[in-house]
There are 2 protein chains.
Amino acid sequence: MDSKIGAEERIMQAAIAVFCLRGYDGARMQEIADSADISKASLHYYFRSKENLFRKTVRELFSSIIRNIRSRISEDDSIEEVIGKLVNGYVDMFTAHRRQAFYFLTELMKHEEVLSEIMAGLDTSAFTGGILERFRKEREAGTIIDIEPVDLLINIIGMSVFPIMAEPMLKRALNLSEAEFSNLLAKRKPIVINFVLAAVLRDKP
Amino acid sequence: MDSKIGAEERIMQAAIAVFCLRGYDGARMQEIADSADISKASLHYYFRSKENLFRKTVRELFSSIIRNIRSRISEDDSIEEVIGKLVNGYVDMFTAHRRQAFYFLTELMKHEEVLSEIMAGLDTSAFTGGILERFRKEREAGTIIDIEPVDLLINIIGMSVFPIMAEPMLKRALNLSEAEFSNLLAKRKPIVINFVLAAVLRDKP
DNA sequence: ACATGGTTTGACCAGATGGTATAACATGTT
DNA sequence: AACATGTTATACCATCTGGTCAAACCATGT
């Protein structure tokens, strides 16, 4: 651990790593302390309890992911570009933060109150609202098929994210080696984009 | 717990429930014992250790899910029917076994050796092989677009399964109530089917 | 009645774990 | 120097938890 940065931040980084790796129950305060090059007592000095540290950790992780997802989609983009950027954004983000994202879906299912608490303090519409609105307009204009915006968004995210999250299962179910599977993932972006476009566009080339 | 059935089976049911609810580390042998109306000592009498019980549990759960997924798709079905049955099958299965399926994706990520061990003793091709082969044929025949069978399968599963698994996150991100969200899920089957058909079919009506 | 073998359990243990008390250490202020 | 304040670490504690043990229980056969 980089001892130049402050202890508090070092602990946060260590805690995120350990929580993501072991889960809440599996995480040991001692391991977090060691990993932050600090004594367990100091750990409790900064963050009173494990639960408190957990909440702070989750909040930090979440907002960093949200910051990341806030897509660079502009009003001027064509619908093809919008869909392309969405797929690229979700795939990149979930690839980069795989363990952390996974951690969310799992640990926060057990501690739903924590999730609620955090989501409550966030402007959720900021990161879906714009896109849903755009889909609604395209649908009204007739450039895309008659599909509920929410369903379209879920389809896109599902196809983008699912294989990344389900990797350990899929790899074995499909009998693919590590290399074969990452090759498969690497090739998927354009495939998903074309799949979506083929499904939703009214006027095909 | 039903005390008519044998202790061993009662324990298995209790263990599955508790493991799914709390995760491996969060699960307490005492809770499993209580939930099976048996003493903790008896629990250890039947299953020597927590780890052993965990492995047996996972194996049982897995094979039951596999049994469920082994689809009723026949050679005679049209490609439309095949896709329809796939979506229906996956959605139904993951809806019914939501917690358990979730448990897999999470807990088995931490204990990959257990997953490997189990998958090794299973004929995985049985539940994907037939479908992949079918997709390959349709692709060659030109009835569907030029897409890798594996990618098509992943797309279908992703769209079907993702919203069910990501419910706690999605519900809040989209600002939907419990009722609104289950309504959304209930309506998705035909939407996904039509989406896939629109994307893959060469000759559209 | 007795023996036998599987089953069940209360009591217990060793180790781990979250958390704390206490004192030492550092740094700056008066 | 003396004091105040913030930080760090050693030693410790109460509790929990997986696991064990010896004794009791129960069914069946002889």
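Chain A is the first sequence line, chain B the second, and so forth, proteins listed ahead of strands; every chain is numbered from 1. Just so it is clear, the values below take in all heavy atoms, side chains as well, and ignore hydrogens, waters and symmetry mates.
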- Query: Do A/K40 and A/Y45 meet the cation-pi criteria used here (NZ or CZ under 6.0 Å from the six-membered ring centre, within 45° of the axis)?
  - Reply: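 The answer is no, since A/K40 fails at least one limit relative to A/Y45.
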Write down the distance between [atom1] ([X]) and [atom2] ([N]), rounded to a whole number of angstrom.
X: A/D34; N: C/dT17; atom1: CG; atom2: C1'; answer: 13 Å
X: B/D37; N: C/dT8; atom1: CG; atom2: C1'; answer: 13 Å
X: A/M29; N: C/dT17; atom1: CE; atom2: P; answer: 13 Å
X: B/E8; N: C/dT8; atom1: CD; atom2: P; answer: 10 Å
X: A/D25; N: C/dA16; atom1: CG; atom2: C1'; answer: 14 Å
X: B/Q30; N: C/dG10; atom1: CD; atom2: C1'; answer: 11 Å

- Salt bridge A/E60-A/K56, side-chain N to carboxylate O under 4.0 Å: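 A salt bridge is absent here (no side-chain N lies under 4.0 Å from a carboxylate O).
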With sequence neighbours excluded, what pairs up with [X] under the side-chain hydrogen bond (donor to acceptor under 3.5 Å, both in side chains) test?
X: A/E75; value: none
X: B/R59; value: B/E117
X: B/Q30; value: B/D34

- Message: I need the residues from residues 41-58 of chain B with at least one non-hydrogen atom less than 4.0 Å from DNA chain C; give them sorted by number, or say none.
- Response: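 B/A41, B/S42, B/Y45, B/Y46, in order of number.
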- Task: Can you establish whether the number of heavy atoms outside B/R48 located under 6.0 Å from its atom CZ is more than 12?
- Result: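 For B/R48, atom CZ is not crowded (no more than 12 foreign heavy atoms under 6.0 Å).
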- Base, sugar-phosphate, or nothing for B/A27, non-hydrogen atoms under 4.0 angstrom?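 Sugar-phosphate, no base atom in range.
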- Message: Once salt bridge (Lys or Arg N to Asp or Glu O under 4.0 Å) is applied, do any residues pair with B/R98, and if so which ones, sequence neighbours excluded?
- Response: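 With sequence neighbours excluded, B/R98 shows a salt bridge (Lys or Arg N to Asp or Glu O under 4.0 Å) to B/E167, given in chain and number order.
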- Grab the two heavy atoms, one from B/R139 and one from B/I145, that are nearest each other, plus how far apart they are.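 So the minimum-distance heavy-atom pair works out to CG-O, 4.0 Å.
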- Message: Reading DNA chain D from 5' to 3', where do the contacts with chain B start and stop? Cut-off is 4.0 Å to heavy atoms.
- Response: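 Reading along DNA chain D, I get D/dT17 to D/dC21.
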